[in-house]
Amino acid sequence: NLLQKYPFVPSPFRDTYSTARLDYNGWHGIHFFARANYEANSAVSAFGLGYSVYANRDNTPGIAGGADFSTAHTTHSIRVSYEKFHNLIGNAVSGNNTYYGVPGIEFYYSAQGLFSGPNYLAPQATYQSDKQFRYDGSWIKGPHNIRFGAGFNRILGGGFAGFFSLAPRVSITSATLLGSDPSNPLN
């Protein structure tokens with residue numbers, strides 16, 4: 001019903017994932033590979049708060065590569081990768097979209113479950129990067145296979161947020177309504 005009444009409301013969720021991979025059999029039996037991927041998704045959501053909406057977009061590019069090779073009694077596998085996650089949450093209330101609420105004022109009426117205007121979670125941005133290196137090897141000695149390896153993974157993250165920063169917040173609760181006019185439609 002909402003989409004019929006308000007056809008200009010954006011699609012609730014969109015996700016696009018792209019990937020490319022290249023494999024190469026090199027000299028001396030070494031096998032190389034490289035892979036790149038990119039994911040972008042977006043949604044307009046209210047985090048369960050009626051028409052107090054925000055626009056969310058996630059971008060995740062990544063690249064990985066590696067080599068596998070063996071000698072007389074050993075095998076080797078090397079992997080490296082880098083991935084970056086970037087999340088942006090912004091205000092989805094604008095002057096032309098009055099069905100998203102009153103621009104500039106966040107309205108909260110808990111007794112009726114009504115939320116309108118800018119979402120208190122916006123704006124914010126989250127950043128995360130992941131750098132990884134891994135080596136795995138094995139050594140065959142007679143009937144024994146000895147496996148060994150090492151790995152390094154560095155994850156850095158952070159973010160920026162301006163909670164409750166877009167607008168003043170008007171709140172009506174049952175306590176606010178005590179002693180009010182019973183003919184008021186907000187009762």
Side-chain angles (χ1 to χ4, degrees), residues 2-3 8-94 100 115 118-166:
L2 285 176
L3 287 176
F8 301 108
V9 175
S11 174
F13 183 75
R14 181 183 174 124
D15 192 5
T16 304
Y17 184 82
S18 304
T19 186
R21 181 177 167 119
L22 177 65
D23 288 279
Y24 176 71
N25 290 322
W27 61 96
H28 303 292
I30 301 175
H31 174 78
F32 297 95
F33 83 93
R35 185 190 75 227
N37 60 282
Y38 182 76
E39 181 178 20
N41 61 53
S42 61
V44 174
S45 179
F47 200 62
L49 300 178
Y51 286 105
S52 178
V53 295
Y54 61 83
N56 182 64
R57 180 171 173 86
D58 298 329
N59 298 304
T60 312
I63 189 166
D68 298 313
F69 59 97
S70 60
T71 59
H73 296 284
T74 59
T75 63
H76 307 277
S77 177
I78 299 170
R79 302 286 186 264
V80 294
S81 69
Y82 174 76
E83 185 172 78
K84 181 157 185 118
F85 171 76
H86 185 199
N87 169 250
L88 295 171
I89 295 177
N91 180 24
V93 176
S94 70
Y100 275 170
F115 300 81
N119 192 293
Y120 69 92
L121 296 173
Q124 65 174 295
T126 306
Y127 303 91
Q128 179 178 316
S129 69
D130 183 1
K131 298 171 187 129
Q132 185 173 15
F133 170 81
R134 182 179 174 120
Y135 168 78
D136 291 300
S138 67
W139 177 48
I140 299 172
K141 179 69 175 167
H144 304 288
N145 188 357
I146 299 170
R147 298 185 186 275
F148 50 92
F152 173 77
N153 194 10
R154 181 172 184 180
I155 299 174
L156 298 173
F160 303 96
F163 300 129
F164 299 102
S165 66
L166 290 176

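Just so it is clear, the structure is predicted and the values come from calculations on it, not from any experiment.
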Of all residues at least two apart in sequence or in a different chain, which pass the side chain to side chain donor-acceptor pair (under 3.5 Å) check with Y38?
N59
Check side chain to side chain donor-acceptor pair (under 3.5 Å) between D23 and all other residues, then give those that pass, not counting sequence neighbours.
R21, H31
For T19 and R35, work out which heavy atoms get closest and say how close.
OG1-CG, 3.9 Å
With sequence neighbours excluded, residues passing side-chain contact (heavy atoms from CB on, under 4.5 Å) with F160:
Y127
Nearest non-hydrogen partners of D130 and I155, listed with the distance:
OD1-CG1, 3.7 Å
Please tabulate, for side-chain N and O atoms in residues 67-75, each donor-acceptor pair with protein atoms closer than 3.5 Å (sequence neighbours left out).
{"from": "D68", "atom 1": "OD1", "to": "S77", "atom 2": "OG", "distance (Å)": "2.9"}
{"from": "D68", "atom 1": "OD1", "to": "R79", "atom 2": "NH1", "distance (Å)": "3.1"}
{"from": "D68", "atom 1": "OD1", "to": "R79", "atom 2": "NH2", "distance (Å)": "3.3"}
{"from": "D68", "atom 1": "OD2", "to": "R79", "atom 2": "NH2", "distance (Å)": "3.2"}
{"from": "T71", "atom 1": "OG1", "to": "T74", "atom 2": "OG1", "distance (Å)": "2.3"}
{"from": "T74", "atom 1": "OG1", "to": "H76", "atom 2": "NE2", "distance (Å)": "3.1"}
{"from": "T75", "atom 1": "OG1", "to": "S138", "atom 2": "OG", "distance (Å)": "2.4"}

Not counting sequence neighbours, which residues clear side chain to side chain donor-acceptor pair (under 3.5 Å) with N87? List them please.
N56, D58
Spacing of N153 atom CG and F133 atom CZ [to the nearest 0.5 Å]
12.5 Å
As an exercise, state the distance from OG1 of T126 to CZ of F85, rounded to the nearest 0.5 Å.
6.5 Å
Checking F32 now: which residues fulfil ring-ring contact (aromatic ring centres under 6.0 Å, His included) with it, not counting sequence neighbours?
W27
CD of E39 to OG of S18, rounded to nearest 0.5 Å, is 9.5 Å
Once you round to the nearest 0.5 Å, how far does CG of L88 lie from OG of S42?
11.5 Å
Could you walk me through whether R147 and D136 pass the side chain to side chain contact (heavy atoms under 4.5 Å, CB included) check?
CA-CA 8 Å; R147 298 185 186 275; D136 291 300; over 6 Å; no
